[in-house]
Amino acid sequence: MAAAERPRLIIASASPARLRTLLAAGLDPEVIVSGVDEGPIWEPTVGALVATLARLKAEAVSNRLGRVRRPTLIIGCDSLLELDGAGHGKPVDAAEARD
């Protein structure tokens with residue numbers, strides 16, 4: 001498939017680990033950070049929160065791109081660790097991770 005025919009692949013994430021995963025799978029996505037403010041977003045479960053954040057990130061990038069001529073796939077991602085029903089984001093340092 002010629003490059004012009006291939007769908008454009010975008011990851012709506014600043015995560016170097018997510019980018020490395022896609023690159024290791026043989027993909028070469030563009031990185032466009034969504035800029036979504038995660039602070040005010042709430043959902044009743046950790047799973048629902050992660051799904052909502054991923055959707056909002058993909059939608060934010062889509063809205064920024066506007067109308068596109070080429071087929072485009074935007075991957076929105078988010079992750080939280082769930083422990084005893086509570087969600088935990090990335091620790092800031094090793095001490096927080098141990099806690």
Side-chain angles (χ1 to χ4, degrees):
M1 193 182 288
E5 296 172 348
R6 264 187 241 132
R8 183 178 181 190
L9 178 62
I10 299 170
I11 182 169
S13 172
S15 168
R18 288 190 183 101
L19 177 59
R20 280 193 306 272
T21 298
L22 292 173
L23 292 170
L27 302 171
D28 188 22
E30 293 176 54
V31 175
I32 302 177
V33 180
S34 69
V36 168
D37 179 7
E38 300 179 17
I41 310 300
W42 181 88
E43 290 289 349
T45 66
V46 173
L49 177 59
V50 168
T52 295
L53 289 170
R55 179 182 51 78
L56 290 172
K57 291 174 182 181
E59 287 174 351
V61 169
S62 177
N63 291 338
R64 192 175 322 149
L65 293 176
R67 184 177 168 96
V68 295
R69 299 177 196 266
R70 180 172 153 200
T72 302
L73 174 64
I74 302 170
I75 301 172
C77 307
D78 197 76
S79 59
L80 289 171
L81 171 68
E82 182 176 357
L83 180 63
D84 297 328
H88 303 275
K90 295 177 208 73
V92 281
D93 56 28
E96 184 179 349
R98 280 190 299 275
D99 288 345

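Atoms considered below: every heavy atom in the structure, side chains included; atoms not considered: hydrogens, waters and symmetry mates. We're numbering straight along the sequence, starting at 1.
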By side-chain contact (heavy atoms from CB on, under 4.5 Å), which residues pair with [X], not counting sequence neighbours?
X	result
A60	S34, V36
R64	I32
A95	D93, R98

Who passes side-chain hydrogen bond (donor to acceptor under 3.5 Å, both in side chains) against E59, sequence neighbours left out?
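Per chain and number, E59 pairs via side-chain hydrogen bond (donor to acceptor under 3.5 Å, both in side chains) with R55.
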
Please list every donor-acceptor pair under 3.5 Å in which a side-chain atom of residues 43-50 meets a protein atom from a residue at least two apart or in another chain.
| unit_1 | atom_1 | unit_2 | atom_2 | d |
| --- | --- | --- | --- | --- |
| E43 | OE2 | T52 | OG1 | 2.9 |
| T45 | OG1 | A48 | N | 3.0 |

- Say whether L65 and V33 are linked into one hydrophobic cluster, either directly or through other cluster members, by side-chain heavy-atom distances under 4.5 angstrom. no

A12 and G76 have their tightest heavy-atom pair at CB-CA, 4.3 Å

Salt bridge (Lys or Arg N to Asp or Glu O under 4.0 Å) pairs touching residues 27-40, sequence neighbours excluded, are R8-E30, E38-K57

Besides L83, the hydrophobic cluster formed by Ile, Leu, Val, Met, Phe, Trp and Tyr side chains linked at under 4.5 Å, directly or via other members, contains none

> Cluster partners of V92, using ILVMFWY side-chain heavy atoms under 4.5 angstrom, listed by chain and number?
Replying inline: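 V92 shares its hydrophobic cluster with no other residue.
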
Value for CD1 (I75) from CG (L27), rounded to nearest 0.5 Å, stands at 7.0 Å

Rounding to 0.5 Å, atoms CD1 (I74) and CD1 (I10) come to a distance of 5.0 Å

Scan the side chains in residues 13-24 for donor-acceptor partners under 3.5 Å anywhere in the protein, sequence neighbours excluded, and list what turns up.
| unit_1 | atom_1 | unit_2 | atom_2 | d |
| --- | --- | --- | --- | --- |
| S13 | OG | S15 | N | 3.0 |
| S13 | OG | R18 | NH1 | 3.3 |
| S15 | OG | A17 | N | 3.3 |
| S15 | OG | R18 | N | 3.1 |
| R18 | NH2 | S79 | OG | 3.0 |
| T21 | OG1 | A17 | O | 2.9 |

